[in-house]
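Please read the structure below before turning to the comments.
We use all heavy atoms of the structure for the numbers below, so side chains are in, but hydrogens, waters and symmetry mates are not.
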Amino acid sequence: MRCLNYIFGSILQLNRYFLFSVHDLFFCFQRGDAFKALFRVNAHNRLEAYCKIDGVQTDVLISGLVDQNRAVEGDTVAIVIDPPSLWTKMKGFNENANHSALIDDRACRPEAVEFARGSSKGKSKLDPVDDYDCSRNYSVSAEKRSYYDNESLVGEIAHLEPTEVSENCYINGYHPSTSHSSRVDYSVSVSDDGNAVEKLSAVVSSFSSKRPTGRVVAVIESSLRRDTVVGFLSVKQSIYSRESNKKESRKNKHRLTALNRGYIMLTPNDPKFTKMTVPVKDLPECIKKRLDSGDATVEMDLVAARIVNWGEESYIPEAHVIHMFGRGSDVEAQIAAILFENSIDPSEFSSEALSCLPHIPWKVPVEELQKRRDLRNLCVFTIDPATATDLDDALSVEGLSDGVFRVGVHIADASYFVLPDTALDIDAQMRSTSVYLLRSKLPMLPSLLSENLCSLNPGADRLAFSIFWDIDPAGEVLDRWIGRTIIKSCCKLSHEHAQEIIDGAFDIHNSISIGNHWPQLHGQFEWLDVIGSVKSLHEISKVLKENRFTRGALSLESPKVDFIFDEDGVPYDSVFSEQQESNFLVEEFMLLANRTAAEVITRAYPTSALLRRHPEPNVRKLKEFEMFCNKHGLHLDISSCDHLHHSLEHIKRELEYDSVLFDILMSYAARPMQLAAYFCSGDFNYANGGWGHYALAIPLYTHFTSPIRRYPDIIVHRTLAATIEAEEMYWKQRMLQKPKGEDAVIRCFTSICVDKDTMESPEAQAALSAAAAKHGVPGTEILTDLAGHCNERKLASRRVKDALHKLCMWNLLEKKEILFSEARVLGLGPKFMSIYILKLAIERRINYDEVEGLKVEWLENTSALVLTQFLNKRSNKRSSPSKFRPLNEVALITDPRDLKLEMDLSEWDDKEDGESQLDGEILKSDVSGIINVEPAVFPLTVRLLSTIPVVLHAVGGDDGPLDIGTRLYISSYL
């Protein structure tokens with residue numbers, strides 16, 4: 001009932017946009033006739049959308065403008081389900097098909113799946129298992145933004161659907177449609193016993209070969225995306241009309257202009273959004289002036305807009321342009337547009353927030369020296385990417401007796417500086433996360449904190465939250481201590497430094513090499529101390545990692561492309577990067593710290609702990625992946641997380657000589673995985689469980705190790721601080737009663753073993769309540785909302801990262817003009833194929849339907865494609881001539897007589913500009929692709945997983961959205 005009241009409290013604000021009345025819709029929810037869902041659009045076909053209902057294993061298809069009812073990408077909607085007799089056959093559902101391929105659903109996923117590996121921002125080492133990024137294979141729309149007939153693709157690319165959602169939306173319009181009134185009584189009705197979702201799920205399971213369909217009857221909360229549309233204006237027609245009006249105005253002795261007349265069109269960059277009308281009278285003055293002067297270059301500028309209305313009589317919405325970013329080919333304009341599209345404010349911190357910062361110079365206050373454990377004489381150091389400036393974690397290790405080591409993780413105590421409910425706290429909460437750009441960042445905290453006072457810089461006294469574990473040779477934790485400390489890092493190691501120590505390549509006796517590229521040591525420690533610590537931590541981390549996978553954890557490693565920039569910040573090359581042992585060293589101890597923090601705060605505050613969950617994967621998609629592997633002779637066991645991990649490891653060994661195929665498989669293995677998300681332990685939605693982390697195979701997890709760049713970590717720090725203070729309060733009270741009981745109660749809240757009766761005693765609860773109030777620990781309702789906000793902001797930062805990666809790739813191709821590569825065929829059909837580009841680790845589509853001079857034969861029995869060039873301009877298909885595309889849009893044709901593939905590379909190097917004419921196109925810079933990639937020849941026979949040559953080029957910029965164009969590379973005499 002609380003959920004329904006929340007929903008309809010929002011709905012009543014816009015009750016004019018319903019297919020049903022608000023009253024009827026309320027009872028539809030109560031009876032189980034309507035369901036709340038997230039609306040996601042197929043990026044390859046806007047007429048297809050999918051709605052994710054929590055608790056239902058298959059997404060609901062919403063097909064066509066009428067049934068979509070004016071909902072847009074990211075809206076929270078109310079949907080009614082059609083009867084099973086109207087459901088569609090699941091695309092790609094054919095258990096006997098020998099051409100099965102993997103379903104590509106990323107085109108309509110809002111971001112990369114979080115799962116089992118880390119990002120590569122400034123702090124790539126943190127929580128990689130929790131935040132896996134499979135979006136390195138970017139799926140974007142085709143150059144012409146045309147709709148694809150997904151039925152034409154046999155196999156795995158045939159169906160695109162979303163799996164993950166963000167639930168921070170507001171409310172806007174919907175599209176009433178009386179044309180479906182006759183269908184209302186036939187929709188699936190699930191009784192009013194409160195188990196509507198469970199019963200719908202059972203019905204869906206009983207029709208496993210069908211996809212449920214439905215229609216939107218209301219938009220409950222509108223997506224933030226409605227207010228952050230980015231695109232290009234189509235103004236030439238308006239300008240031409242203005243010229244005609246000028247002539248007419250001379251006759252009528254008054255001037256008519258396009259500014260006082262009608263609308264112009266806005267084409268969004270995101271293919272999930274339809275075109276929009278923009279009233280000319282509401283345009284910004286700067287655009288009006290350019291239109292009035294006949295400046296057609298307005299079409300080349302990116303604009304920001306928001307949807308303001310979508311009348312029921314209109315097929316497309318009305319939008320208002322807010323401002324212009326600049327030329328579409330300008331990188332800075334693109335970055336500004338990316339930030340706007342994801343609601344990320346790049347402005348500086350407010351004066352109110354900055355007024356909360358301490359004065360410089362700053363030193364540790366005397367009262368903190370008295371309250372905290374002083375660890376400044378302990379050998380503590382950081383291991384970070386070489387360019388990192390926000391150092392929020394450090395490590396230490398000490399040898400005890402019997403092979404036991406005391407390992408310490410020391411995390412920057414940002415919560416000391418960011419006090420609850422201050423202007424600084426509110427600003428950090430709104431940002432929620434640092435956003436990393438190409439070679440800069442938008443920090444969550446001001447640089448005085450993020451790069452100075454909070455950052456664990458070497459040689460400086462710093463406040464920290466520390467966790468110590470006593471770990472035996474088998475990797476078992478014997479004891480632990482948690483508390484606030486003061487540390488002084490002795491050095492800042494890069495991952496490369498740590499790896500050299502692990503490999504034994506660091507020569508401490510070579511003072512020249514130390515002075516050249518090794519960091520300065522601070523304090524009384526020597527390199528022997530640091531080297532010994534790194535080696536000990538490495539050995540311990542290997543044991544911890546082995547134990548983690550033995551207990552059922554899962555790891556997915558896929559290739560990652562990094563870009564190399566010149567001094568001007570322009571990418572000029574790309575390389576594949578790999579995780580090293582030094583990365584995994586840090587990862588293991590960060591995971592252990594996060595797990596420990598989760599256990600402690602959940603035990604102390606069972607209804608107000610901020611945790612992180614990772615649900616089990618989508619069963620249907622996992623089974624499809626299993627079928628694909630089995631049909632290609634690869635055994636995959638999906639019965640459990642650990643079986644999946646071990647079978648993937650076995651496949652890796654089987655594909656030792658085909659690493660590209662294994663990389664593809666690992667990328668696809670992540671697709672069934674659902675998104676990890678923050679939640680409040682007291683949230684009623686998780687009252688019956690679902691707290692666990694699937695990939696890590698643990699019951700409780702949170703984020704504790706990155707408070708400089710993640711707001712949830714600050715909340716966890718406050719909760720830990722409250723727990724520790726409550727523990728001290730309770731201990732002092734018990735000491736007054738039982739002085740001899742000190743050892744029994746001193747760590748009654750944070751130790752490994754805690755007496756339940758002690759935790760639940762009135763004295764303990766009173767201490768915990770008082771400490772929570774003092775440290776600003778949010779209550780259940782506030783924390784639930786905060787978790788949702790942090791989830792949405794985290795997704796936004798990932799979308800920015802993905803968009804910037806694509807921008808770098810586009811910029812690189814723009815400079816090269818053309819790039820040659822081999823590709824593997826992932827999906828194949830009579831109209832288009834999906835391919836994996838080896839050099840850039842991305843996926844693209846090549847659409848070869850209705851192309852001049854190209855004959856397409858689809859051999860159904862063998863699932864093979866044959867492409868043949870012929871002299872006649874048109875094929876035998878009865879299609880309009882305007883529908884045919886030129887052959888050079890699909891293939892780069894080279895003449896063997898003119899193209900010298902064996903040209904010596906030195907001849908190119910001797911040319912100042914490095915240019916060559918190739919079928920009317922110029923190739924610059926990197927020519928290694930021509931030498932290493934042989935063109936195919938007609939007739940070209942293509943099968944699933946075969947390797948084909950392709951060429952890539954940059955598309956868009958000043959004339960449309962950025963894209964990566966892909967064509968076949970073929971040699972022909974015709």
Side-chain angles (χ1 to χ4, degrees), residues 123 125-127 364 368-369 371-384 388-399 405-418 445 449-471 477 479-493 495 498 519 521-525 529-530 532-534 536-538 540-541 544 582 585-597 600 702-710 713-714 716-718 720-721 723-724 750:
K123 302 283 290 178
K125 60 184 178 151
L126 294 174
D127 307 314
V364 176
E368 294 302 317
L369 289 169
K371 291 191 299 184
R372 295 171 179 258
R373 179 177 289 190
D374 192 343
L375 303 177
R376 287 176 291 180
N377 290 322
L378 183 65
C379 183
V380 176
F381 50 87
T382 61
I383 303 177
D384 288 275
T389 56
D390 46 357
L391 314 180
D392 46 15
D393 60 88
L395 295 168
S396 67
V397 62
E398 301 172 272
F405 283 91
R406 178 164 294 166
V407 176
V409 164
H410 315 276
I411 307 299
D413 191 358
S415 62
Y416 172 82
F417 297 97
V418 185
L445 299 177
L449 296 182
S450 61
E451 298 182 6
N452 189 352
L453 302 184
C454 287
S455 184
L456 305 181
N457 298 331
D461 292 351
R462 290 291 180 258
L463 304 180
F465 241 117
S466 299
I467 301 180
F468 286 99
W469 304 275
D470 291 350
I471 303 176
V477 176
D479 198 5
R480 72 183 180 210
W481 179 90
I482 305 173
R484 287 179 129 165
T485 59
I486 302 171
I487 68 169
K488 179 185 289 186
S489 171
C490 68
C491 68
K492 174 192 172 183
L493 295 177
H495 288 298
L521 277 180
H522 298 265
Q524 71 273 29
F525 302 103
D529 301 313
V530 177
S533 294
V534 171
S536 296
L537 289 170
H538 176 236
I540 299 168
S541 70
L544 293 177
S582 59
L585 180 159
V586 178
E587 172 186 310
E588 288 305 319
F589 296 113
M590 297 302 110
L591 293 174
L592 183 58
N594 288 331
R595 178 180 178 179
T596 300
V600 172
T702 193
H703 276 167
F704 160 75
T705 54
S706 297
I708 293 177
R709 65 178 180 93
R710 287 189 310 225
D713 300 56
I714 291 180
V716 171
H717 277 224
R718 290 173 183 168
L720 272 177
T723 303
I724 294 168
T750 60

Rounded to the nearest 0.5 Å, what separation is found between the SG atom of C491 and the CG atom of L493? 4.0 Å

Side chains of N452 and R462: does their closest heavy-atom pair fall under 4.5 Å? yes

Please assess D470 against F405 for the test side chain to side chain contact (heavy atoms under 4.5 Å, CB included), listing each intermediate value before the final yes or no. CA-CA 6 Å; D470 291 350; F405 283 91; over 6 Å; no

Backbone N/O of H495 and side chain of S582: donor-acceptor pair under 3.5 Å: yes

Can you list the residues that meet the salt bridge (charged side-chain N to carboxylate O under 4.0 Å, His left out) rule with K488, with sequence neighbours excluded? D461

Does the Lys NZ or Arg CZ of R710 fall within the cation-pi geometry relative to F704 - under 6.0 Å from the ring centre and within 45° of the axis? no

Check: C379 and S396 side chains under 4.5 Å, non-hydrogen atoms: no

Quick one: does R376's side chain get under 4.5 Å of I487's, heavy atoms only? no

Mind checking the CD1-NZ spacing from I486 to K371? Nearest 0.5 Å is all I need. 10.5 Å

Measuring from N457:CG to H522:NE2, what's the distance to the nearest 0.5 Å? 9.5 Å

Does any non-hydrogen side-chain atom of L720 lie less than 4.5 Å from one of F465? yes

So if I apply the side-chain contact (heavy atoms from CB on, under 4.5 Å) rule between R718 and each of V418, T723, D713, which one comes out positive? V418

Heavy-atom side-chain proximity of H717 to I411 below 4.5 angstrom: yes

Establish, yes or no, whether a centroid distance under 6.0 Å links the rings of H410 and F468. yes

Who are the side-chain hydrogen bond (donor to acceptor under 3.5 Å, both in side chains) partners of D479, not counting sequence neighbours? R747

Is the closest side-chain donor-acceptor distance between D413 and S415 under 3.5 Å? yes

Pairwise side-chain contact, L395 with L585, heavy-atom cut-off 4.5 Å (strictly under): yes

Has R373 got its NZ or CZ under 6.0 Å from the middle of the six-membered ring of W481, at an angle within 45 degrees of the ring axis? yes

I need the minimum non-hydrogen distance between S466 and L375, along with the two atoms involved. OG-CD1, 3.9 Å

Spell out, as yes or no, whether a donor-acceptor pair under 3.5 Å connects the side chain of R406 to the backbone of I471. no

Which heavy atom of E588 sits nearest a heavy atom of S541, and at what distance? CG-O, 3.6 Å

Salt-bridged, D390 to R709, with N to O below 4.0 Å? no

On a heavy-atom basis, which atom in R484 and which in Y416 lie closest, and how many Å separate them? NH2-N, 4.1 Å

Which distance, rounded to the nearest 0.5 Å, do you find between the OG of S536 and the NE2 of H538? 11.5 Å

Please confirm whether the backbone N or O of T596 pairs with a side-chain atom of R480, one donor and one acceptor, at under 3.5 Å? no

Between L456 and T382, the two heavy atoms sitting closest are O-CG2, 3.8 Å

Looking at every non-hydrogen atom in both residues, tell me the closest pair between C454 and A412 and how far apart they are. O-CB, 3.1 Å

Looking only at non-hydrogen atoms, find the nearest pair between L391 and S455 and report the distance. N-OG, 3.0 Å

When rounded to the nearest 0.5 Å, the distance separating CD1 of I708 from OG1 of T389 is 9.0 Å

Could you check whether any side-chain heavy atom of P458 comes within less than 4.5 Å of a side-chain heavy atom of C490, counting everything from C-beta outward? no

Show your working on side chain to side chain contact (heavy atoms under 4.5 Å, CB included) between L463 and V364 and close with a plain yes or no. CA-CA 8 Å; L463 304 180; V364 176; 3.9 Å; yes

Separation of S489 OG from D393 CG (nearest 0.5 Å): 10.5 Å

Does some side-chain heavy atom of F381 sit less than 4.5 Å from a side-chain heavy atom of D529? no

